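Reckoned from all heavy atoms, side chains included, excluding hydrogens, waters and symmetry mates. This one's a predicted model, so the numbers in the text were calculated from it and none came from an experiment. Proteins get letters first, then strands, A, B, ... in listed order; numbering begins at 1 in each.
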Number of protein chains: 2
Amino acid sequence: MDGRKFKDTIYTGLSKLLKALSNPYRLEIIEMLSQGEKSVEGIVQTTGLSFANASQHLQVMKNSNILKSRKEGHYVYYSLVNNELLYLYQHITKYAINEIAELGKILNQQREDNKSGDAVSLAELKEMIYNNNILLLDVRPPIEYKSGHISGAISIPMNELLEHLKDIPREKEIIAYCRGPFCVLADEAVKLLNEKGYKVRRLDEGYPEWKIKQVEII
Amino acid sequence: MDGRKFKDTIYTGLSKLLKALSNPYRLEIIEMLSQGEKSVEGIVQTTGLSFANASQHLQVMKNSNILKSRKEGHYVYYSLVNNELLYLYQHITKYAINEIAELGKILNQQREDNKSGDAVSLAELKEMIYNNNILLLDVRPPIEYKSGHISGAISIPMNELLEHLKDIPREKEIIAYCRGPFCVLADEAVKLLNEKGYKVRRLDEGYPEWKIKQVEII
DNA sequence: CGCTTATTCAATAAATTTATTGAATATGTT
DNA sequence: AACATATTCAATAAATTTATTGAATAAGCG
């Protein structure tokens, strides 16, 4: 193969992967699937896409080495191909937030609006977790908590938080987390708990970032 | 800003960056600019794009936080916005080569066809470089060597290699490198030097990968 | 077997991206 | 000032991606 043809083939292949990642719905699907595998129905419910449109997006992602699937009865479950893909996705999002001023500003504004501007980093959490006065709170839906969660976290889904306030000790400092840096469930939890007088901060990132750190692929 | 709007804004912003990266010519432009800044003319010559088409691609990249530019007389010079972008580009390419079987196969085939299958990694180079029997050869164009090169490398552009054979000691092992893992200049140099009876291998990566390792951003 | 349901496939419409063409702008030279 | 040159801008054409629609397929149930 001559050099020109080789480069064209390589760059076309790279471009195929990047195109498949370039759609906003698909990026959100990656965030969702980084919590654990999901059926098309689950993806449809969260994204608001039509069944056929979601399926089309999923096929594009599957044909571009982003997702894999398995079938069980009526249902097809999708998941990310591997942890390396998740780590790459995290690198992209972290780069964008840190280096693209507009995006960093939007995230900061969102955090401030919800009183979660003093988010805790994973490194900080690692130190804090030995403190008995810390309560780590997973506010994702139960099915996601069951797929995987940060060690030691308790599960109270955001939409049940109000009913479970009595289960939360007032003297503890709460660290709330959810799906990742753009997940608003933890922001909402911080806002609500703040209003109720609890001492609470959100985790800057989410379960998937913690997971990758545990896997220690680097 | 409500949660839905926030996520839409974030993912739209991420998608804009990824779309701007998703074109094969643009990926090659990034490889070129990772050697150092270049004028539009230089980009036109290497890519074969028309002036106006190249300019349009460059504007898209500039408006998506990938490139920056400066003007000097008639000429406009483009460069990557920062080392972090280059590091992200490298992560993407490394991921694709390692995890997408088709692409890995194409690269391996290219290496074998040019007798450069036993490429030297940067880590290996670091150990080898203290050996006086090693000659590090930069086969990129001189302007790129001048913009930046691996410490200790000598410059012989690939298209002048035949005329400079007499400058290369026969008892040394040569490590040839160029613009990155997809650059074929080093492959061509290995092929030629092999045929002339020299002991030669190529560096797996290129100057930009070396540079990022030096900067030690991680 | 007939009916129901989850998902994919195929075709078409709509939206977006990329290539092309030519004019406009900025800079340099005589 | 006129002319030349590098690049960008604007408009249009062509190519590609995404949304929509409805049929097809696979699996489950009575």
Quiz item: Less than 3.5 Å between a donor and an acceptor, one on the side chain of A:His74 and one on the base of D:dA27, is that the case here?
Solution: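 Such a pair exists between side chain and base.
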Whole-Å gap separating [atom2] ([N]) and [atom1] ([X]):
X       : N      : atom1 : atom2 : result
A:Leu58 : C:dC9  : CG    : C1'   : 14 Å
A:Asn63 : D:dT17 : CG    : P     : 12 Å
B:Gln56 : C:dT16 : CD    : C1'   : 12 Å
B:Phe51 : C:dG22 : CZ    : P     : 18 Å
B:Ile43 : D:dA6  : CD1   : C1'   : 13 Å
B:Asn53 : D:dA6  : CG    : P     : 18 Å
B:Lys62 : D:dT7  : NZ    : P     : 12 Å
A:Tyr75 : C:dT7  : OH    : P     : 7 Å

Quiz item: What are the two closest non-hydrogen atoms of B:His149 and B:Tyr207, and how far apart are they?
Solution: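 Closest approach of B:His149 to B:Tyr207: N-CE1, 3.4 Å.
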Exercise. For DNA chain D, find the residues of residues 4-25 of chain A with a heavy-atom distance under 4.0 Å and give them by number; none if there aren't any.
Key: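 Those residues are A:Lys19, A:Asn23, A:Tyr25.
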In terms of side-chain geometry, is the basic nitrogen of [X] or [Y] positioned less than 4.0 Å from the acidic oxygen of its partner?
X        : Y        : answer
A:Arg4   : B:Glu28  : yes
B:Glu205 : B:Lys94  : yes
A:Arg140 : A:Asp138 : yes

Practice problem: Would you classify A:Ala54 as touching base, sugar-phosphate or nothing, given that sugar-phosphate means primed atoms plus P, OP1 and OP2, and contacts are heavy atoms under 4.0 Å? | Solution: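 If one applies the 4.0 Å heavy-atom cut-off, A:Ala54 turns out to touch nothing in the nucleic acid.
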Practice problem: Would you indicate whether A:Ile143, at its atom CD1, is surrounded by more than 12 heavy atoms from other residues, nucleotides or ligands within a distance under 6.0 Å? | Solution: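 Atom CD1 in A:Ile143 is not crowded, with 12 or fewer foreign heavy atoms closer than 6.0 Å.
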Quiz prompt | A:Asp113 vs A:Gln109, side chain to side chain donor-acceptor pair (under 3.5 Å): CA-CA, chis, key distance, verdict | solution = CA-CA 6 Å; A:Asp113 290 350; A:Gln109 191 61 55; 3.0 Å; yes
Residue [X], side-chain atoms from C-beta onward, closest of [options]:
X       : options               : value
B:Gln59 : D:dT7, C:dT8, D:dC9   : D:dC9
B:His57 : C:dT18, D:dA6, C:dT7  : C:dT18
A:Glu41 : C:dT27, C:dT20, C:dT7 : C:dT7

Quiz item: Side chains of B:Ser15 and A:Ser22: do they bring a donor and an acceptor to under 3.5 Å?
Solution: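 No donor-acceptor contact under 3.5 Å links the two side chains.
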Quiz item: Counting only side-chain N and O atoms of B:Tyr78, is one of them less than 4.0 Å from OP1 or OP2 of D:dT8?
Solution: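 Checking D:dT8 against B:Tyr78, a side-chain N or O does come within under 4.0 Å of OP1 or OP2.
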